[in-house]
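Below you'll find the structure, written out as structure tokens, and then a few comments.
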Amino acid sequence: MADIVVGVQAYCKLLLHAAKYPHCAVNGVLLAEDSKSKDHKTIRFLDCIPLFHLSLGLAPMLEIALLQIDAFCRSKGYVIAGYYQANENFDDNQLSFVAKTVGKKIQEYFPDACIFQIDNGRVTPESVQEVYRVYTMKDNNWKEADKSKSTSEEDTRSTAAELLRSGAQRKVVDFDNHLDNVTNDWRNPELSELIATYI
């Protein structure tokens, strides 16, 4: 298994998406550097695209979103390499059928794909642990990854905590917001700039 490094932009956006809709299940994809080398030892997640908060499993909407995100990735030298989800029920931190299915689809294109299952109880500014558990495919099944293989960049959690305290989650635009009003930019350039000021 490759080492997993989650950058500040990716970590903060997935956390803020979950914080914006604490009453809903949310999901999105994580973008990594497109390493042409077959023997890459590290997957570096650089950004995150929030997908939905209304209905996670609608195939037509998901397909439209992934096509647009794939075109964006090609222009930036990224690849869709991960999927994240926070379940609707606060105490439910298990991988759902939707998470496993979308994760499997991503894995068809990126063999080292990961699923990040958000622990709802950790979506607070006071959290001292990463807000998710990472799953990778082993023996044709999703298994929790060795914690030593997954890290976030230095000061990521403190940056995320500051953003949560400032109310930055209100700025998150996901694909549901974009489909309601196409002027809402699902790439979140404003949020990216805001996160950059905290680094």
Side-chain angles (χ1 to χ4, degrees), residues 1-7 9-19 21-22 24-35 38-63 65-67 69-70 73 78-123 127 129-153 156-157 174-175:
M1 179 189 137
D3 289 338
I4 298 163
V5 178
V6 180
Q9 289 281 342
Y11 186 93
C12 290
K13 285 180 186 175
L14 73 83
L15 171 67
L16 294 172
H17 191 209
Y21 299 105
C24 299
V26 300
N27 68 352
V29 292
L30 289 115
L31 313 179
E33 293 174 315
D34 188 3
S35 172
K38 295 288 185 201
D39 55 59
H40 57 276
K41 300 287 186 224
T42 303
I43 304 168
R44 193 170 304 282
F45 290 99
L46 300 176
D47 207 348
C48 156
I49 305 291
L51 288 176
F52 304 111
H53 66 272
L54 296 175
S55 182
L56 308 190
L58 286 177
M61 303 304 190
L62 181 60
E63 192 173 330
L66 291 177
L67 285 171
I69 294 166
D70 188 53
C73 285
Y78 296 161
V79 64
I80 299 171
Y83 172 84
Y84 73 85
Q85 182 170 312
N87 294 330
E88 184 174 11
N89 184 325
F90 184 82
D91 295 322
D92 180 7
N93 296 311
Q94 301 302 311
L95 290 183
S96 69
F97 175 75
V98 171
K100 292 176 185 177
T101 303
V102 177
K104 182 75 171 156
K105 195 56 147 171
I106 292 170
Q107 195 217 7
E108 289 175 14
Y109 297 95
F110 189 82
D112 291 323
C114 306
I115 297 176
F116 293 75
Q117 179 64 48
I118 296 175
D119 181 339
N120 295 313
R122 295 181 187 171
V123 182
S127 184
Q129 300 174 323
E130 289 173 337
V131 297
Y132 49 72
R133 290 188 319 244
V134 180
Y135 291 83
T136 56
M137 184 63 79
K138 270 189 201 160
D139 303 322
N140 210 26
N141 206 351
W142 292 103
K143 307 274 185 183
E144 190 167 355
D146 181 355
K147 290 189 188 320
S148 68
K149 293 284 198 178
S150 172
T151 60
S152 49
E153 289 182 351
T156 297
R157 287 190 297 277
D174 64 14
F175 253 90

Is there a side-chain contact between [X] and [Y] in this structure, where contact means two heavy atoms from C-beta onward sitting under 4.5 Å apart?
X      : Y      : answer
Asp119 : Val131 : no
Ile4   : Phe116 : yes
Val98  : Gln85  : yes
Val6   : Thr156 : no
Phe52  : Val26  : no

*Mind checking what makes side-chain contact (heavy atoms from CB on, under 4.5 Å) contact with Glu108, not counting sequence neighbours?*
Lys105
_Just to verify, what does Tyr11 make a ring-ring contact (aromatic ring centres under 6.0 Å, His included) with, not counting sequence neighbours?_
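Applying ring-ring contact (aromatic ring centres under 6.0 Å, His included) to Tyr11 gives Tyr132.
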Atom of [X], atom of [Y] and distance for their closest heavy-atom approach:
X      : Y      : answer
Gln117 : Tyr135 : CB-CE1, 3.8 Å
Asn140 : Met137 : C-SD, 3.3 Å
Gln129 : Ser127 : O-OG, 3.0 Å

I'd like to know if the side chain of [X] and the backbone of [Y] have a donor-acceptor N/O pair within less than 3.5 Å.
X      : Y      : answer
Thr101 : Phe97  : yes
Arg122 : Glu130 : yes
Asn89  : Asp91  : yes

*Check the angle between the aromatic planes of Tyr21 and His53 and answer parallel, tilted or perpendicular using the 30° and 60° thresholds.*
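Taking His53 first and then Tyr21, their aromatic rings lie parallel (interplane angle under 30°).
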*Within 6.0 Å of CE in Met61, more than 12 heavy atoms from elsewhere*: no
*asked:* For Glu63, is the CD atom crowded, meaning more than 12 foreign heavy atoms sit under 6.0 Å from it?
replied: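 Open: at most 12 neighbouring heavy atoms sit under 6.0 Å from CD of Glu63.
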*State which residue, out of Ile118, Asn93, Leu95, fulfils the side-chain contact (heavy atoms from CB on, under 4.5 Å) condition with Arg133.*
Asn93
*Side chains of Tyr84 and Asn27: do they bring a donor and an acceptor to under 3.5 Å?*
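No pair is found: no donor N or O on one side chain lies under 3.5 Å from an acceptor on the other.
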*Could you tell me whether Asp47 and Lys13 have a side-chain N and a carboxylate O separated by less than 4.0 Å?*
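Salt bridge: yes.
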